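Since the structure comes first, as structure tokens, the remarks are kept for the end.
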Amino acid sequence: MSDPVTRHAPLAGRAASRRAEPVRCQICDSVTRPGLDLGHQPVGDLVLSEAQLGEPETRYPMQLFHCGDCGLCQLGYIVPPEVVYREFPFVSGTTQTATRHLQSLPARLAEQFGLGADDFAVDIGSNDGTLLAGWIPYGVAFLGVDPAGDPVRIANERGLRTWHAFFDDDIAAQIVERFGRARAITACGCFAHIAALDSLMRGIVHLLTPDGVFASDNQYWLDMVERVHYDNVFHQHLRNYSLRPIERLFERYGLEVFDVERSEVYGGSIRFYAGHRGAHPVHANVERLRDVEARARLYDPETHERWCAAVERRRDQLFGRVFDLKREQKKIIGIGAPAKASTVSNFCGLGRQWIDYITEVNPLRIGSYLPGVHVPIVDEQWLFEDPVAPDAGILFSWNYYSEIVPKLRQHGFHGEVIVP
Ligand SMILES: [Zn+2]
């Protein structure tokens, strides 16, 4: 059986035996300081089939490390990309909020930078092509690049041209040869996921026109800290970005961050715009956000220690609530099965004895099981048809609260909604 989880089991063992070696910063190579440790966990996005429940399952270290130099907060252990992306059951366009947000980026870029029919844009980690479709009204030619087979097939079937590949300097050179350079390059929710950072950056530098713009949405480390969003830690998410390390990274490649925005997507995110150094005027937003990070003491070890304590309190509260409900014979389910559901369930020990099932709308996940804890993932519709209506639902997809909760209420779910 070519299951990626078991196929790569020896890698985890090798890494564990090298544990004494210091973890170096993925951006500046400095030795890092250990931070929040969520234990060993399976890869959260790799949901299991029923047959796989009877097989061995690999868990990988899930601990954060902090760079005292550039300020990056990163995972200490990188799961081999071929394990993570071989069968990647995630599609971008499953909620209207995500679709709107992704498609707002081409609109913004086209309007602000005057992109039109003569221009070419590339989306890195384009998934099912949700963002690419946002270029259509502006007549901009586009290409997506993504390593996950199923979403790429969906995109190409929808006529959204997408290459099935990991984006790197080699792919960038092939794109330039075939289509020319891009005036816009986007990378949303994936820029933190690419392990070969140097090759990625060299690819961007090569692909971007001299006046081009690179724009990227990422979970914002400051929001994760202030809101105690530890469930945004998962194995694909190698780097938790904030402005200081991003600026340091781009400087190294002759690029410059010239504007930055915050938004609520992903539960708090940072969108930054970069170009070749000097190509665009630097907006006051950049200096403003540097000040915000300094005032929040985002790079202080004491801040990270306080955060670890807050995460542990959050875990105890969630488990305490679940324990109380179960003692009263209540039925608890989960709502939404993104990777963060795996992080929370595995960290808090919430298996099938606590959660009956998790509802989901993504057809690539329905019928599978959450890794590690093996809670079944069912079609959301079951929540409304279940003869024994659940008393409470843990909303793992809390970042879509305002879209999901009214919908559940409207369809007849009246149980308690617990935000983990
Ligand atoms: Zn660093």
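As the structure is a prediction and not an experimental result, all values here were calculated from the model. This chain uses plain numbering: 1 for the first residue, then up along the sequence.
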Inset, instruction - Test side-chain hydrogen bond (donor to acceptor under 3.5 Å, both in side chains) on Tyr369 and Gln52 and set out the steps. - result: CA-CA 9 Å; Tyr369 295 79; Gln52 285 175 305; over 6 Å; no
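- The neighbour count for Gln112 CD, taken as heavy atoms of other residues, nucleotides or ligands under 6.0 Å away, is above 12.
- A donor-acceptor pair under 3.5 Å is formed between the side chain of Asp168 and the backbone N or O of Ile171.
- Across all their heavy atoms, Gly76 and Phe65 have their closest contact at CA-CD1, 3.4 Å.
- Leu408 has its side chain within reach of Ile335: a pair of non-hydrogen atoms, C-beta onward, lies under 4.5 Å apart.
- The closest side-chain heavy-atom distance from Leu350 to Leu318 is below 4.5 Å.
- With respect to the salt-bridge test (charged N to carboxylate O, under 4.0 angstrom), the residues Glu403 and Lys407 do not qualify.
- Atom CG of Asp217 is separated from atom OG of Ser269 by 5.0 Å, given to the nearest 0.5 angstrom.
- In summary, Asp223 and Arg262 engage in a salt bridge, as defined by a charged side-chain N under 4.0 Å from a carboxylate O.
- Within 6.0 Å of the CZ atom in Phe319, the count of heavy atoms belonging to other residues, nucleotides or ligands exceeds 12.
- Between the side chain of Asp146 and the backbone N or O of Asn127, at least one donor-acceptor pair lies under 3.5 Å.
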Inset, instruction - Apply side-chain contact (heavy atoms from CB on, under 4.5 Å) to the pair Glu247 and Val286, showing each step before the final yes or no. - result: CA-CA 10 Å; Glu247 289 200 278; Val286 177; 3.6 Å; yes
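- Between Arg271 and Asp259, no side-chain nitrogen of the basic residue sits less than 4.0 Å from a carboxylate oxygen of the acidic one, so the salt-bridge criterion is not met.
- Between the side chain of Glu360 and the backbone N or O of Asn362, at least one donor-acceptor pair lies under 3.5 Å.
- For the residue pair Asp169 and Ser199, a side-chain donor N or O sits within less than 3.5 Å of a side-chain acceptor on the partner.
- Looking at Val140 and Arg183, their side chains never come closer than 4.5 Å, going by heavy atoms from C-beta outward.
- The environment of Asp291 atom CG is dense: over 12 non-hydrogen atoms of other residues, nucleotides or ligands sit within 6.0 angstrom.
- Of all heavy-atom pairs between Ile358 and Ala337, the closest is CG2-CB, 3.8 Å.
- Closest approach of His235 and Leu238 over heavy atoms only: O-CD2, 3.3 Å.
- Residues Leu243 and Leu222 are not in side-chain contact: their nearest non-hydrogen atoms beyond the backbone lie 4.5 Å or more apart.
- Between the side chain of Thr130 and the backbone N or O of Asp128, no donor-acceptor pair lies under 3.5 Å.
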Legend entry - His206 vs Arg181, side-chain hydrogen bond (donor to acceptor under 3.5 Å, both in side chains): CA-CA, chis, key distance, verdict: CA-CA 8 Å; His206 181 60; Arg181 292 198 155 79; 3.3 Å; yes
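- Remark: Arg252 CZ to Leu197 CG distance equals 8.0 Å, nearest 0.5 Å.
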Inset, instruction - Give the intermediate values and the outcome of salt bridge (Lys or Arg N to Asp or Glu O under 4.0 Å) for residues Glu157 and Arg153. - result: CA-CA 6 Å; Glu157 281 169 7; Arg153 182 181 46 76; 3.4 Å; yes
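- Between the CD1 atom of Ile27 and the CG atom of Leu249 there is a distance of 4.5 Å, given to the nearest 0.5 Å.
- Distance check: Arg178 CZ to Ile175 CD1 gives 10.0 Å after rounding to the nearest 0.5 Å.
- Side-chain N or O atoms of Asp37 include none that pairs as donor or acceptor with a backbone N or O of Gln63 at under 3.5 Å.
- Contact check on Arg365 versus Asp45 returns a salt bridge, with a Lys/Arg side-chain nitrogen under 4.0 Å from an Asp/Glu carboxylate oxygen.
- Proximity of Trp354 to Ile332: side-chain heavy atoms (C-beta onward) are nowhere separated by under 4.5 Å.
- Glu57 places no side-chain N or O within donor-acceptor distance of the main-chain N or O of Pro42, the cut-off being under 3.5 Å.
- Using a 4.5 Å heavy-atom threshold, the side chains of Tyr230 and Trp307 count as touching.
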Inset, instruction - Under the side-chain contact (heavy atoms from CB on, under 4.5 Å) rule, what do Ile404 and Ser397 come out as? Steps first, then yes or no, please. - result: CA-CA 8 Å; Ile404 292 175; Ser397 302; 3.8 Å; yes
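- The pair Arg277-Glu251 does not meet the salt-bridge criterion, since no charged nitrogen lies less than 4.0 angstrom from a carboxylate oxygen.
- Other residues, nucleotides and ligands contribute more than 12 heavy atoms inside 6.0 Å of the CD atom of Glu287.
- Residue Arg297 places its CZ atom among 12 or fewer non-hydrogen atoms of other residues, nucleotides or ligands, all under 6.0 Å distant.
- In summary, of the residues considered (Tyr253, Tyr273, Phe113, Phe191), a ring pair (Phe, Tyr, Trp, His ring centres under 6.0 Å) with Phe214 occurs for Phe191 alone.
- Note that the CD1 atom of Ile333 and the OH atom of Tyr357 stand 5.0 Å from one another [nearest 0.5 Å].
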Inset, instruction - Go through the steps to decide whether Lys340 and Asp231 satisfy the test salt bridge (Lys or Arg N to Asp or Glu O under 4.0 Å), and finish with yes or no. - result: CA-CA 5 Å; Lys340 53 168 75 79; Asp231 54 353; 5.6 Å; no
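- Judged by distance alone, with hydrogens and angles left aside, the side-chain atoms of His280 form a donor-acceptor pair with the main-chain N or O of Gly212 at under 3.5 Å.
- Within the 4.5 Å cutoff, the side chain of Ile418 has no heavy atoms near those of the Leu395 side chain.
- The aromatic rings of Trp163 and Phe179 sit tilted relative to each other, their planes meeting at an angle between 30° and 60°.
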Inset, instruction - Begin from the C-alpha positions of Ile124 and Val145 and carry the test side-chain contact (heavy atoms from CB on, under 4.5 Å) through to its verdict. - result: CA-CA 5 Å; Ile124 300 170; Val145 181; 5.6 Å; no
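- Between the side chain of His276 and the main chain of Leu208, a donor-acceptor pair closer than 3.5 Å is present.
- Here Asp316 does not pair with Arg313 in a salt bridge; the nearest charged N to carboxylate O distance is not below 4.0 Å.
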Inset, instruction - Please lay out, stage by stage, how Glu264 and Arg100 fare under the test salt bridge (Lys or Arg N to Asp or Glu O under 4.0 Å). - result: CA-CA 12 Å; Glu264 285 303 311; Arg100 261 199 314 274; over 6 Å; no
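- With Tyr299 as reference, Glu293 is the one residue of His304, His66, Glu293 to meet the side chain to side chain donor-acceptor pair (under 3.5 Å) rule.
- For the ring pair (Phe, Tyr, Trp, His ring centres under 6.0 Å) test with His229, the passing option among Trp221, Trp398, Phe234, Tyr220 is Trp398; the others fail.
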